[in-house]
Every structure is written in C-alpha cells, then in structure tokens.
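Here the structure is a predicted model, which is why all the values come from computation and not from measurement. For the numbers below, each heavy atom of this structure counts, side chains included, while hydrogens, waters and symmetry mates do not. All residue numbers refer to positions in the sequence shown, counting from 1.
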Amino acid sequence: MTRIILSLTMFAVLSIGVGFLLAGDDETFDWRVGGGLFAIALAGEAIRYRIRRSRARSGQSSGI
C-alpha cells in the first residue's frame with residue numbers, strides 16, 4: 001500500500017509540474033495535460049494491482 005501512495009504522489013507532483021510548465025504565458029495550470037498524465041499513472045497502477053492480485057489468487061510467482 002505504501003508503494004502505491006508513494007508512486008501516485010510522485011506522479012501527482014510530476015504532472016502538476018508539467019501542467020504548470022506547459023501552461024505558457026497564461027501562468028495558469030494546464031488541466032488537460034496534468035490530468036491526463038495523472039490518469040495514465042492511475043491506470044498503470046490499477047493494472048499493476050490487478051495483475052499482482054490475479055497472480056496471487058492463482059498461485060503464480062514472477063520467480064524473481
């Protein structure tokens with residue numbers, strides 16, 4: 001659980017930074033870019049969680 005929180009916090013800070021950098025001279029936040037980046041991070045973490053959970057149910061291991 002700590003890994004998910006740490007990962008999403010890092011991606012939130014990164015997407016906020018990119019949103020402000022790409023806003024241009026308006027000095028406002030670019031919600032489409034920042035929100036899109038964070039949505040990609042959420043989707044990736046959700047997929048990773050589902051894969052990990054399905055492997056645990058079936059008894060498979062990555063072997064590493």
Side-chain angles (χ1 to χ4, degrees):
M1 188 61 144
T2 304
R3 184 192 181 280
I4 292 174
I5 293 171
L6 182 63
S7 176
L8 290 179
T9 302
M10 183 201 60
F11 278 115
V13 170
L14 181 66
S15 64
I16 288 171
V18 170
F20 276 121
L21 287 174
L22 292 179
D25 294 333
D26 298 339
E27 293 188 19
T28 58
F29 185 73
D30 192 353
W31 287 101
R32 289 184 293 170
V33 174
L37 288 174
F38 192 67
I40 291 171
L42 280 176
E45 288 295 323
I47 290 169
R48 188 190 65 80
Y49 178 74
R50 286 189 68 177
I51 290 171
R52 188 178 215 186
R53 187 172 171 170
S54 68
R55 283 187 180 175
R57 257 190 276 151
S58 65
Q60 293 178 350
S61 175
S62 65
I64 297 176

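Residues Phe20 and Trp31 are members of one and the same hydrophobic cluster, defined by side-chain heavy-atom contacts under 4.5 angstrom among Ile, Leu, Val, Met, Phe, Trp and Tyr. Linking ILVMFWY residues whenever their side-chain heavy atoms come closer than 4.5 Å, directly or via other members, places Ile4 and Phe38 in the same cluster.
The side-chain heavy atoms of Leu14 and Leu37, taken from C-beta on, include no pair separated by under 4.5 Å. Taking the side chain as every heavy atom from C-beta outward, Ile16 and Phe29 approach each other to under 4.5 Å.
No more than 12 heavy-atom neighbours from other residues, nucleotides or ligands sit within 6.0 angstrom of CZ on Arg52.
For residues 6-22, every residue pair satisfying the side-chain hydrogen bond (donor to acceptor under 3.5 Å, both in side chains) rule, not counting sequence neighbours, is listed here: Ser7-Glu45.
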